Protein chains: 2
Amino acid sequence: METLRERKKRRTREALLRAALELFTTQGYERTTVDEIAEAVDVSQRTFFRYFAGKEEAAFAVQTMTEDRFLAAVRARPPHEAPMTALRQAFLEGWDAIREHVEEAVPVELYLRMYRTIGSTPALLAAHLRRSVAIEETMARVLAEREGVDVDSDPRPRLAVAVFGGVMRVTERQWSTGDDLSPEAIRALTASYLDQVGSALTGNWGGD
Amino acid sequence: METLRERKKRRTREALLRAALELFTTQGYERTTVDEIAEAVDVSQRTFFRYFAGKEEAAFAVQTMTEDRFLAAVRARPPHEAPMTALRQAFLEGWDAIREHVEEAVPVELYLRMYRTIGSTPALLAAHLRRSVAIEETMARVLAEREGVDVDSDPRPRLAVAVFGGVMRVTERQWSTGDDLSPEAIRALTASYLDQVGSALTGNWGGD
DNA sequence: AGGCTAGTGACAGCGACTGACAGTTGACAA
DNA sequence: TTGTCAACTGTCAGTCGCTGTCACTAGCCT
């Protein structure tokens, strides 16, 4: 049971988050000031910083939720699965149920639009990549444990995860700059690109 | 022939760069203010910003030089080489002649120490990754042209480059957190990790 | 020698962020 | 119901990265 104080806090946080994403996606991240966000919700700037460590944290708040779900999905994969298969399936699963889980916080459409803003804002892109690296580190440890190898002496877990992450970045880029900004579209792209990694590495694409 | 004015400019720039890297690597990037750097060279803060677009640009100034050399090396590779081979060789070549080329600007040791600082400073790591992505985009276009495919319709150039970049990141991480911070060490690691990508992807490392 | 202009310093200002302090409001017990 | 405590908030002042402006100095060129 949620107390009144907790309800108020949650509402303030969600209002700030929604206002922030709305402003970021419409007028741009850099051109949006924290004062503006606070004003839109009618709280002081100081209060914004009590809910979010910074502007950046607000921009990635929803992403954090879905990333946590992805990590949980990887951990829940059957242990006999090959590493790359486990990652692939967990990722696809994540996008399957995305609508319901995001909608609890903000409209899904806002979440999807935010991806585009992240891709086109250098500061956010940089933060996104740094966050991806952190997630990959966690994934590497999970994979290493699944396979019973030591993540620090055996480079293969980190290599596998880095390759997977690389493909994901190419996928995201293609998706977020394209026309079809739907979960179904990124699912299809992901599957297709993962299938093509092998042939991309062997080279001689020209087929002369 | 260099005029007096040009000489003065170059000396100011180099002095600022050296002071910045020295401060970054010893007391940390975040704990170093631009005022401090300017003061160390005895110029105004405003002047610092006339030589570098920001604190970050100073931190990556030398890296930019070596990255340009790497890109040039890729372009100079024989056209019949397979894409991944070309990238691999260009990268190894870059580290071969690193000492002479860096030493023109700053002591090599400072350059190598800066790598460690980048790896351990979240803001710099994020910037480094964003810069890597930009380089990978250029590399993808170079490879696509070499192989005669269209970089926008065929995902393989970007996939190959993303995989290579992923392996490079794992390599850099291992190298910059290890004991042996020498060009020879990263050369050896690079070769070793590139050899292991294939087996990392096929999974079943446990050998149960 | 004298004009032109690149380079500089000094100053003011913006935006992200932080610390300190005081006021307000919900939670909980007497 | 009331009083106490803790949580939450607003206000204010200050730091730091970064930018625009303007006047001034010093190298360049005729």
Side-chain angles (χ1 to χ4, degrees), chain A residues 1-17 19-21 23-24 26-61 117-118 121-128 130-131, chain B residues 1-17 19-21 23-24 26-61 117-118 121-128 130-131:
Chain A
M1 181 56 194
E2 213 180 20
T3 168
L4 169 59
R5 188 175 277 175
E6 287 167 336
R7 252 177 293 151
K8 275 195 159 181
K9 271 189 74 172
R10 197 167 50 79
R11 256 178 301 190
T12 305
R13 195 191 134 87
E14 282 175 9
L16 280 170
L17 186 53
L21 297 190
L23 288 167
F24 291 162
T26 52
Q27 63 183 13
Y29 177 74
E30 317 267 18
R31 277 185 302 279
T32 302
T33 69
V34 174
D35 285 316
E36 240 175 322
I37 302 168
E39 199 179 353
V41 183
D42 206 47
V43 296
S44 75
Q45 188 220 47
R46 196 71 184 82
T47 294
F48 173 89
F49 284 108
R50 290 195 174 100
Y51 282 92
F52 301 98
K55 219 170 115 173
E56 188 185 291
E57 191 177 295
F60 287 103
T117 304
I118 291 171
T121 308
L124 289 182
L125 182 56
H128 175 60
R130 190 195 56 214
R131 292 162 50 85
Chain B
M1 182 58 197
E2 214 180 19
T3 167
L4 169 57
R5 190 177 277 174
E6 286 167 336
R7 252 178 293 150
K8 275 195 159 183
K9 270 190 74 172
R10 197 166 50 80
R11 255 178 300 187
T12 306
R13 195 192 135 87
E14 280 174 11
L16 280 170
L17 186 53
L21 297 189
L23 288 166
F24 292 162
T26 52
Q27 63 183 18
Y29 177 75
E30 316 267 18
R31 278 186 301 279
T32 302
T33 68
V34 175
D35 284 316
E36 239 174 325
I37 302 168
E39 201 179 352
V41 183
D42 206 47
V43 297
S44 74
Q45 187 221 47
R46 195 66 185 84
T47 293
F48 173 90
F49 285 107
R50 289 194 174 104
Y51 283 92
F52 301 98
K55 218 171 115 173
E56 190 185 291
E57 191 177 295
F60 287 103
T117 305
I118 291 171
T121 308
L124 289 183
L125 182 55
H128 176 60
R130 191 195 56 211
R131 293 162 49 84

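In what follows, chains carry the letters A, B, and so on, assigned in the order in which the sequence lines appear, proteins first and then strands, with residues in each chain numbered from 1. Remember, predicted model here, so these are calculated numbers, not experimental data.
The salt bridge (charged side-chain N to carboxylate O under 4.0 Å, His left out) search around A:Glu2 returns A:Arg10, not counting sequence neighbours. Here B:Phe60 pairs with nothing under the ring pair (Phe, Tyr, Trp, His ring centres under 6.0 Å) rule; sequence neighbours left out. For B:Phe49, the ring pair (Phe, Tyr, Trp, His ring centres under 6.0 Å) test picks out no residue, with sequence neighbours left out.
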- Query: Should A:Leu17 and A:Phe52 be marked as a side-chain contact (heavy atoms from CB on, under 4.5 Å) after you check the CA-CA gap, both sets of side-chain angles, and the distance that decides it?
  - Reply: CA-CA 9 Å; A:Leu17 186 53; A:Phe52 301 98; 4.1 Å; yes
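Here B:Leu124 contributes atom CG and A:Arg130 contributes atom CZ; the two are 10.5 Å apart, rounded to the nearest 0.5 Å. From A:Thr32, atom OG1 reaches atom CG of A:Leu21 across 10.5 Å, with rounding to the nearest 0.5 Å. Distance check, rounded to the nearest 0.5 Å: CD of B:Glu39 to OG1 of B:Thr33 gives 8.0 Å.
A:Met1 has its CE atom 12 Å from the P atom of C:dC28, to the nearest Å. Atom-to-atom, CD of A:Glu2 to C1' of C:dG26 comes out at 14 Å; the value is rounded to the nearest Å. The CD1-C1' distance, from A:Ile37 to C:dG15, rounds to 12 Å in whole Å. Atom-to-atom, CZ of A:Phe52 to P of C:dG15 comes out at 21 Å; the value is rounded to the nearest Å. Between the P atom of C:dG15 and the CZ atom of A:Phe24 lies a distance of 14 Å, rounded to the nearest Å. In this structure, the CZ atom of B:Arg10 is 17 Å from the C1' atom of D:dG27, given to the nearest Å. Distance CG (A:Leu124) to P (C:dA16): 13 Å, rounded to an integer number of Å. Across the protein-nucleic acid pair, B:Arg11 atom CZ and C:dT8 atom C1' stand 16 Å apart, rounded to whole Å.
Out of C:dG7, C:dG9, D:dT9, the shortest distance to the side chain of A:Tyr51 is found at D:dT9.
Residues in residues 45-55 of chain B take part in these side-chain hydrogen bond (donor to acceptor under 3.5 Å, both in side chains) pairs, two or more places apart or across chains: B:Ser44-B:Thr47.
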Would you tabulate the pairs of protein nitrogen or oxygen atoms and nucleotide nitrogen or oxygen atoms of nucleotides 20-25 of chain C closer than 3.5 angstrom?
none

Check nucleotides 15-18 of chain D against the protein and report each pair of N or O atoms closer than 3.5 Å, with its distance, or say if there are none.
from: D:dG17; atom 1: OP1; to: B:Thr32; atom 2: O; distance (Å): 3.3
from: D:dG17; atom 1: OP1; to: B:Lys55; atom 2: NZ; distance (Å): 3.1
from: D:dG17; atom 1: OP2; to: B:Val34; atom 2: N; distance (Å): 3.2
from: D:dC18; atom 1: OP2; to: B:Lys55; atom 2: N; distance (Å): 2.8

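A:Tyr29 places a side-chain N or O within donor-acceptor distance of the main-chain N or O of A:Glu56, the cut-off being under 3.5 Å.
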